[in-house]
Trainee: 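Just dropping this structure here.
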Amino acid sequence: MPQESTEKRTVRWRRLVATSAAVLTFWSCAGIGAAEAYVESVPVPGAMPQPQASVLYYRDGRTILARVGATDHNDVPLSAISPELRRAVLLAEDRDYYDHAGVSLRGVARAMVADARGGRQGASTITQQYARNAFLSQRVTVDRKVRELALAVNLERQYSKDDILERYLNTIYYGRGAYGIAAAANAYFGITPDRLDFAQGAVLAAVIKDPWGFDPGHDATAARQRWDWVVAAGRANGWVDPALRYPPVRPAGSAIGGPLGLVVDQVERELSGHGITSQELHTQGLKVVTTLDSAAQQAAMNTVAAQLHGQPAALRAALVSVDPATGGVRAYYGGDHGSGYFDNATAAHPAASTFKPIVLAAALRDGIAYRSRWDGSSPRLFPDRGVPLRNPDDLQCADCTLQHAMVDSLNTPFYAVTAQLGPERVREMAVRLGVPERYDGHKSLVDLKGEPTPGHTRGDIAMGRYPVVPGDLATVYATLAGNGVRHQRHFVQSVAGADGSGYSEPDGGTVALTPQIAADVSTVLRAVVNENGFTPGRPAAAKTGSQQWRDTADNQDAWMAGYTPELATVVWLGKATPGPLRDAAGKPVEGETIPARIWRDFTRSALQGRPVTPLPAPAHVGRADAGDAGKTGHDTESPDTVADRHAAPTGYEPVVHTEHTGKRLALTFDDGPSEYTPAVLDLLAKYHIKATFCVVGENAGWYPQIMRRIVAEGHLLCNHSMHHDDLGIVPEATSRADIEAADAAIAEAVPGATVTYYRAPYGDFGPSARAGAKAGHTPLGWVVDPDDWLLPGADTIVSRIRQQLTPRAVVLVHDGGGDRTQTIEALRKLIPGLLADGWTFDQPETTVTAEPLPGPAPETTAPTTSPSSEPSSSPSPSLSASPSASASPSGPVSPASGAASPENGTP
C-alpha cells in the first residue's frame with residue numbers, strides 16, 4: 001500500500017484538533033454556563049421525522065432504477081422485547097448505557113484518535129445514536145457532533161433510560177427492509193421480539209453496525225465473526241451459556257426482485273464505504289444517481305435471459321460492463337432472484353485463458369514484442385512444473401508469435417513467457433490492471449494452504465489457474481480499453497440528501513500501462529475477435545476462457561472478456577457448485593459458445609446508435625527476437641523454412657525455382673492482402689514486374705478491391721490457407737477443407753480468378769502439399785527468406801536477400817500479417833539495384849494445371865478506380881475486425897482438376 005500523503009495526514013490531525021476543541025470547550029465551559037446554555041438551545045424535537053424512501057436513478061438522473069425504503073415498521077413497548085435481545089444490543093453498542101449521562105467522553109476520545117490515524121471507531125452511546133438517527137443527519141462534521149452531544153444530554157434529562165432504549169430499538173434499521181426490532185425479529189427469525197433468545201439477539205445486535213455487511217444472507221463469514229465477538233463479551237460477563245450455538249437464520253428475502261435487486265445491494269454496499277449508512281439510505285429520502293445506463297442494463301438482462309432460455313436450469317451467469325473512461329459500471333447482472341440473494345458477479349472463479357492478456361501486458365512491459373516467436377509445441381515440460389503442459393486439443397505451433405498463440409489460446413508459449421518473466425511479475429501486472437491485492441483477507445493469485453506453494457504464485461497463473469471476480473476482470477479489461485489508465489470501478493455517480501449532504505464519483509485514474517502497451521494488447525485481442533467471428537459490428541478486442549472440470553473433457557467455468565473503446569464487459573457462466581457445464585443439447589459449454597454470444601449480442605445492443613470508435617493502431621513495443629522458438633530443442637529452424645519437420649509427401653514437393661532459366665528471380669508475397677498491398681502493387685507497376693501473391697482467404701474477403709487489382713494487373717494468386725493456421729500437422733482432409741474455404745473466399749472476391757499455387761503457412765507442408773496439389777494448385781516454396789517478419793530494418797532486409805540470392809530463386813517477402821513498412825522501403829531500394837545488376841523478374845514454375853475458380857472471368861485490364869481509393873486506413877487483417885459484409889461463403893467450392901502425381905512433381 002502506498003504511504004499516506006502528508007496532506008491527508010494534516011487534514012486528519014486538523015479534524016482531531018477541531019473536534020477535540022469543540023468537545024473540551026463544551027465541557028470546560030460548564031463553570032460559566034456556556035455549555036448549559038448551548039444544551040438548552042438544542043431542544044428535543046416534538047416528533048420524530050418519518051422515514052422517507054430513497055430513489056435510485058440511472059445515470060441520466062431522471063430514469064428511476066429502484067425505490068429503497070423501510071416499509072416494514074411497527075413500534076413495540078420495551079416489555080415486548082426480550083431481555084436477551086436488550087442485553088446483546090448493550091454488549092454490542094453501549095456496555096455502560098445505564099451508567100452514563102448520555103455521552104461517553106472516553107468513547108469520543110478513542111474515536112478521535114482512531115480517526116486521526118485513518119481508521120473508524122464507534123464513539124456514540126445508544127443515546128447519541130438515537131439522537132442522530134431520529135433527529136440529525138449522518139454527516140460527519142464538528143457542528144453535527146456537538147449538536148448530537150447536546151441533544152443526547154437533553155434526551156437523558158427528559159426521558160428514562162428504558163424509554164430511550166425502547167425508542168432506539170424501534171428506530172434502528174436492521175437490514176432486509178426491517179425498520180425497528182419487531183420487523184427485524186420477523187425478517188430474520190419469523191418470530192415476535194419477545195421470543196428472541198440471546199443467540200438470536202446477538203445476530204440482530206451484530207447487524208446494527210452494518211445492516212448489509214453483517215447480514216448472514218449477504219456475508220455469512222463476517223456475520224459469524226461479529227456474532228462471536230458479541231457472544232464472547234456475554235461470556236466474559238457470565239451472561240451466556242458456554243454451549244451457545246449460532247442460530248438458524250431465515251434466508252434473506254428480496255425487497256427488490258430480479259437482477260436490479262443485486263444492483264441495489266451493490267449500491268448500498270458502496271455507499272456504506274463512503275459513510276452513508278444503510279439506515280440513512282432506507283430512511284432519509286436520498287437521491288442516488290448511479291452509473292448504470294438504462295439501455296445497457298436492459299440489454300444485459302434481455303441478452304442473458306435470451307441465451308439461457310431453454311438451457312439447463314443449473315447454469316448460472318454473471319455480466320459486468322464498465323466504462324473504460326470513468327470506471328462506472330454501465331450494466332450488471334449477478335442473477336435474477338433479487339436483493340439479498342447470492343450474487344454470481346461477486347464470486348471468484350479461475351479466470352482460465354482470459355488471463356493471458358495480462359501475461360501479454362507483462363511481457364510487453366518487459367520489452368517482449370507480441371510478434372516475438374515462441375515454441376508452442378505440445379506437450380512441453382518446464383523445470384518448475386512437475387507434469388508436461390499441453391495446449392488445448394494438443395494444438396502445435398513449434399514457432400509462432402504471441403498473437404498467434406493468443407488467437408489459438410495456446411498454453412505453452414504463455415507459460416514460457418511467464419517462466420522468463422517470473423510469475424510474481426505477472427501477478428504484479430494483474431494487480432496494476434485491476435485485480436485486488438487481497439480477497440477475503442487473503443493474498444490474491446497465490447496458492448492456498450494445502451497447495452504446492454502456499455502464499456506464492458506459480459507459473460500456472462499464465463493459464464488463469466487462480467480465481468478472479470468477474471467485476472475485477474472487467475476492471476482489468478477496462479484498463480486495457482482505456483489506454484492503460486485504471487479507474488476505480490463504482491456504481492454511484494452522485495448522492496444528494498435533504499440536508500444538502502452529497503457525494504460525487506471519483507475523478508481521474510491511475511496510469512497502469514503506457515498507451516503503447518495497451519494498444520499492442522488491443523491489437524492481439526482484436527485478432528482473436530476477427531479469427532473467431534465474435535465481432536459485435538464494430539472494432540472490438542476480446543478473449544475467451546474455459547476452465548477444465550477436474551480431469552475430464554468438460555469445463556466448470558466458461559468466460560468471455562472483451563471491450564470496445566466505449567465498453568469493457570466480462571461474462572461468466574458456471575454453476576452454483578462447480579461441475580461439468582453442458583448445454584441443452586448435451587454439448588460442453590466453452591467460452592466461445594454461450595458466453596461469447598452473450599458478450600457479442602450485449603455489446604451490439606448496448607452500443608446501438610452510438611458512433612463507432614476505432615481501436616488504437618499497434619505500437620510494436622519490444623523486441624521481436626525475444627522468444628524461445630528454436631531454442632528449446634523442439635524446432636531449430638525458422639518457421640519460414642521449407643526443410644521443416646513436416647516435409648511434403650514424395651511427388652508433391654514445393655517448387656522453389658523460376659519458370660525460366662538464367663539470372664532470374666521470382667518475387668512472392670505472403671499473408672496479405674492488407675493496407676500495405678497497394679504500395680507494393682504501385683512499386684511493381686512502376687518497374688513492370690509480375691509477382692505472386694499468396695493470400696489468406698479471410699483477408700481476401702476484407703480487401704476484395706485489392707484482390708481484383710492484383711488479378712487485373714497480371715499477378716498470379718497463391719492459396720495461403722483460410723485463416724493462416726499451421727496445417728502441417730493436421731490430416732489431409734482438414735487441410736483440404738481449409739484450402740477449399742480459402743478458394744471460395746478468393747472466388748467471392750474475384751469471381752473466375754485462377755489460383756496457381758498453394759503455400760502452406762510457415763512452410764510446414766506435410767499432408768497439406770498433397771491437398772493443395774489435388775485442389776489444382778502447385779505447392780510453392782522458396783529459396784530466399786530475409787526474415788522480414790522480424791522487422792530487422794530495410795537495409796538488413798536488402799542485405800539478406802542479396803546474400804541468399806541465386807539464379808532462378810523464389811524470394812519470400814510479406815505484404816500482410818503485421819507492419820510491412822520496412823519491407824516496402826527495402827523493395828524500393830532492392831528492385832532498382834537488382835535491375836541494374838542484370839537480374840530479371842519471372843514467375844515460379846508450375847507442376848499442376850490450375851483452372852479458374854467458379855464465377856465469370858475477371859477483367860483483363862486494370863480497373864478504372866485508382867489503387868489509392870482503397871482506404872489507406874484499412875486495418876491489417878491480423879489487427880482489426882473484418883467487415884461483416886465480406887464473410888466468405890459457408891460452403892466449399894469443388895476443387896479444380898489436374899492433381900499432381902509423382903510423374904509431374906518437382907524435377
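These values consider heavy atoms only, across backbone and side chains, with no hydrogens, waters or symmetry-generated copies.
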Trainee: Measuring from I689:CD1 to K686:NZ, what's the distance to the nearest 0.5 Å?
Mentor: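 With rounding to 0.5 Å, CD1 (I689) is 11.0 Å from NZ (K686).
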
Trainee: Just to verify, what does T677 make a side-chain contact (heavy atoms from CB on, under 4.5 Å) with, not counting sequence neighbours?
Mentor: P673, S674, L681, F693, I706, I710, D815

Trainee: Roughly how far, to the nearest 0.5 Å, is CD of E740 from NZ of K774?
Mentor: 12.0 Å

Trainee: I need the K829 NZ to L834 CG distance, nearest 0.5 Å.
Mentor: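 One finds 14.0 Å between NZ of K829 and CG of L834.
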
Trainee: For D520, what residues pass the side chain to side chain donor-acceptor pair (under 3.5 Å) criterion, not counting sequence neighbours?
Mentor: none

Trainee: Under the side chain to side chain donor-acceptor pair (under 3.5 Å) test, which residues partner D628, sequence neighbours left out?
Mentor: R380

Trainee: Could you work out, with side chain to side chain donor-acceptor pair (under 3.5 Å) as the rule, every residue matching R600, not counting sequence neighbours?
Mentor: none

Trainee: Which value, rounded to the nearest 0.5 Å, describes the distance between T603 atom OG1 and M560 atom CE?
Mentor: 8.0 Å

Trainee: Could you tell me whether the side chain of T569 reaches within less than 4.5 Å of the side chain of T564, counting heavy atoms only?
Mentor: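 They are not in side-chain contact.
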
Trainee: Could you tell me whether the side chain of K543 and the main chain of V528 form a donor-acceptor pair under 3.5 Å?
Mentor: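 No; judged by distance alone, with no hydrogens or angles, the pair does not exist.
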
Trainee: Is any side-chain N of the basic residue among R597 and E592 closer than 4.0 Å to the acidic one's carboxylate O?
Mentor: no

Trainee: Using only atom types and a distance under 3.5 Å, with no angle test, would you say the side chain of E659 pairs donor to acceptor with the backbone of D842?
Mentor: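 No; judged by distance alone, with no hydrogens or angles, the pair does not exist.
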
Trainee: What pairs with T692 under side chain to side chain donor-acceptor pair (under 3.5 Å), at least two apart in sequence or on another chain?
Mentor: Q843

Trainee: Closer than 3.5 angstrom, by distance alone: can the side chain of D408 be matched with the main-chain N or O of L410 as a donor-acceptor pair?
Mentor: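 Flag not set: sc D408 to bb L410 has no pair under 3.5 Å.
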
Trainee: Sequence neighbours excluded and cut-off under 3.5 Å, please list the side-chain donor-acceptor pairs for residues 801-809, or say none.
Mentor:
residue	atom	partner	partner atom	Å
R802	NH1	D837	OD2	2.9
R802	NH2	G833	O	3.4
R802	NH2	D837	OD2	3.1
Q803	NE2	S799	OG	3.1
Q804	OE1	D785	N	2.8
Q804	NE2	D785	O	2.9
Q804	NE2	R800	O	3.4
R808	NE	T658	O	3.4
R808	NE	H660	O	3.4
R808	NH2	T658	O	2.6

Trainee: Do F669 and H715 have ring centroids that are under 6.0 Å from one another?
Mentor: no

Trainee: When you measure from the side chain of R759 to the backbone N and O of G781, does any donor-acceptor pair fall under 3.5 Å?
Mentor: yes

Trainee: Just verifying a value: how many Å separate S522 OG and N483 CG, rounded to the nearest 0.5 Å?
Mentor: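 Interatomic distance, S522 OG to N483 CG, rounded to 0.5 Å: 7.5 Å.
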
Trainee: For a quick test of reading the model, state the closest non-hydrogen atom pair linking Y563 to Y477 and the distance between them.
Mentor: CD2-O, 3.6 Å

Trainee: For ring pair (Phe, Tyr, Trp, His ring centres under 6.0 Å), just list the numbers for Y370 and H620, CA-CA rounded to whole Å, side-chain angles, deciding distance to a tenth of an Å, and then say yes or no.
Mentor: CA-CA 8 Å; Y370 74 85; H620 299 295; 5.7 Å; yes

Trainee: Any donor and acceptor pair, going by atom type alone, linking the side chain of T523 with main-chain N or O of A519 inside 3.5 Å?
Mentor: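 It does hold such a pair.
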
Trainee: Quick check: closest heavy atoms across I368 and W374, and the distance to 0.1 Å?
Mentor: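 So the minimum-distance heavy-atom pair works out to CG2-CZ2, 3.8 Å.
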
Trainee: I'd like to know if the side chain of E698 and the backbone of V696 have a donor-acceptor N/O pair within less than 3.5 Å.
Mentor: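 No.
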
